[in-house]
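Structure first, then comments.
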Amino acid sequence: MKIFIDTAEVKAIREYADIGIVDGVTTNPSLIAQSGRKFEDVVKEICQIVDGPISAEAISTVAEEMIPEAYRLAEIHRNIVVKIPMTAEGLKTVKAVSASGIKTNVTLVFSASQALLAAKAGATYVSPFVGRLDDISQEGMGLIQEIVDIYANYQFETQLLVASIRNPLHFVDAARMGAHAATVPPAVLGQLLRHPLTDLGVEKFLKDWATVPK
Ligand code: G3P
């Protein structure tokens with residue numbers, strides 16, 4: 001499973017990219033706003049840090065504006081994946097731009113039918129938001145299993161990118177279900193790495209090593 005980092009904070013991206021566990025980056029307008037920086041500056045810097053798919057979101061709402069916006073975003077860097085909302089106008093855009101080789105990530109997906117339509121439109125990635133479904137008392141990971149089952153019935157090339165991950169269980173379950181990728185916020189990436197028994201074990205080994213005659 002590919003691991004993307006879900007943030008526009010370049011410091012965190014660098015930290016986890018240095019460890020070697022980052023295959024790509026996803027951003028959205030809220031994450032860009034949190035960074036307090038200009039959209040293009042952040043995206044360009046991210047592209048210098050990670051050599052993998054970098055999702056940058058289109059903010060137009062109608063296809064006639066979203067299509068040129070997608071082309072503009074794709075010109076920023078060869079690794080840009082244009083993130084497009086799961087709306088009728090968004091699907092029109094995905095169909096139009098993917099025909100010319102632009103990679104897309106259909107975002108704000110909350111149902112299996114939306115995931116199927118995005119795949120049929122030619123999306124490179126589809127991003128179901130599991131945490132936001134959990135927030136409204138609907139099991140987010142149940143949707144991931146439905147999408148895995150549906151995609152397995154056909155020859156779609158669309159990759160299932162589990163988004164809105166809030167905890168390590170979301171991540172592990174995504175891998176168990178065979179999702180192609182998961183996008184994980186920096187804090188959760190930290191939780192994935194650490195285990196108290198690892199820390200205690202390292203501490204004890206070092207303590208015992210100090211007693212070995214040198
Ligand atoms: O990148 C989109 C998605 O991962 C957002 O997550 O926590 O705002 O629902 P969240």
Side-chain angles (χ1 to χ4, degrees), residues 1-13 15-17 21-37 39-40 42-43 45-47 49-50 52-61 66 69-70 73 76 79-87 90-91 93-94 103-112 114-115 118 123-144 147-148 158-175 177 179-192:
M1 183 170 73
K2 297 261 195 261
I3 301 176
F4 295 169
I5 186 168
D6 195 26
T7 185
E9 296 297 340
V10 291
K11 192 166 167 268
I13 296 171
E15 180 187 340
Y16 288 100
I21 58 170
V22 174
D23 297 303
V25 182
T26 54
T27 66
N28 63 39
S30 306
L31 294 172
I32 297 284
Q34 281 164 28
S35 79
R37 300 178 60 199
F39 172 73
E40 276 217 27
V42 188
V43 170
E45 192 172 343
I46 293 172
C47 291
I49 304 170
V50 175
I54 312 293
S55 286
E57 191 151 342
I59 44 101
S60 309
T61 52
M66 219 186 287
E69 187 182 3
L73 290 173
I76 295 176
N79 284 339
I80 292 291
V81 174
V82 183
K83 216 169 170 187
I84 293 177
M86 176 58 223
T87 59
L91 284 189
T93 304
V94 171
K103 294 197 167 66
T104 57
N105 174 0
V106 174
T107 188
L108 292 165
V109 166
F110 293 98
S111 73
Q114 288 181 320
T124 316
Y125 298 94
V126 65
S127 289
F129 278 28
V130 294
R132 292 191 194 185
L133 280 173
D134 289 354
D135 290 345
I136 58 158
S137 305
Q138 201 180 316
E139 210 184 315
M141 293 313 295
L143 171 61
I144 301 307
I147 300 171
V148 167
T158 304
Q159 296 185 47
L160 173 54
L161 167 51
V162 181
S164 186
I165 283 188
R166 303 275 176 77
N167 58 57
L169 269 184
H170 281 150
F171 176 83
V172 172
D173 286 342
M177 289 173 188
H180 300 96
T183 188
V184 186
V188 179
L189 277 180
Q191 292 175 318
L192 299 181

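When a ligand or atom number is given, it counts from 1 through the structure's own listing order. Positions are given from 1 along the sequence. Just so we're clear, the structure is a prediction, and the values are computed from it rather than from any experiment.
Residue, atom and distance of the protein heavy atom nearest to atom 7 (O) of ligand 1 are Arg166 NE, 2.9 Å. Ranking the protein heavy atoms by distance from atom 6 (O) of ligand 1 puts Ser164 CA, 3.3 Å first.
Shown in contact with Phe129 at under 4.0 Å from a heavy atom are these atoms of ligand 1, numbered in order with element: 2 (C), 3 (C), 5 (C). The atoms of ligand 1 that sit less than 4.0 Å from any heavy atom of Asn28 are 1 (O), 2 (C), 5 (C). Ligand-side atoms of ligand 1 in range of Arg132: 5 (C), 8 (O), 9 (O), 10 (P), range being under 4.0 angstrom from any heavy atom. Atom numbering of ligand 1 starts at 1 in the shown order; those under 4.0 Å from a heavy atom of Ala163 are 4 (O).
The shell of residues lying under 4.0 angstrom from ligand 1, judged by heavy atoms, includes Lys83.
Screening Val50, Leu31, Asp6, Val10 for a side chain to side chain contact (heavy atoms under 4.5 Å, CB included) with Val25, the sole residue that qualifies is Val50. When the options Leu73, Ile54, Thr27, Asn28 are evaluated for a side chain to side chain contact (heavy atoms under 4.5 Å, CB included) with Lys83, the one that passes is Asn28. Across Thr183, Leu161, Ile84, Val94, a single residue satisfies side chain to side chain contact (heavy atoms under 4.5 Å, CB included) together with Asn105, and that is Leu161.
More than 12 heavy atoms of other residues, nucleotides or ligands lie within 6.0 Å of CD in Gln191, so this atom counts as buried by the packing criterion.
Nearest residue to atom 1 (O) of ligand 1 from Asp6, Val130, Thr26 is Asp6 (criterion: closest heavy atom).
The OG atom of Ser111 sits 7.0 Å away from the CE atom of Met86 when rounded to the nearest 0.5 Å.
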Could you give me the CA-CA distance, side-chain angles and deciding distance for Asp173 and Ile144, then say whether side-chain contact (heavy atoms from CB on, under 4.5 Å) is met?
CA-CA 9 Å; Asp173 286 342; Ile144 301 307; over 6 Å; no
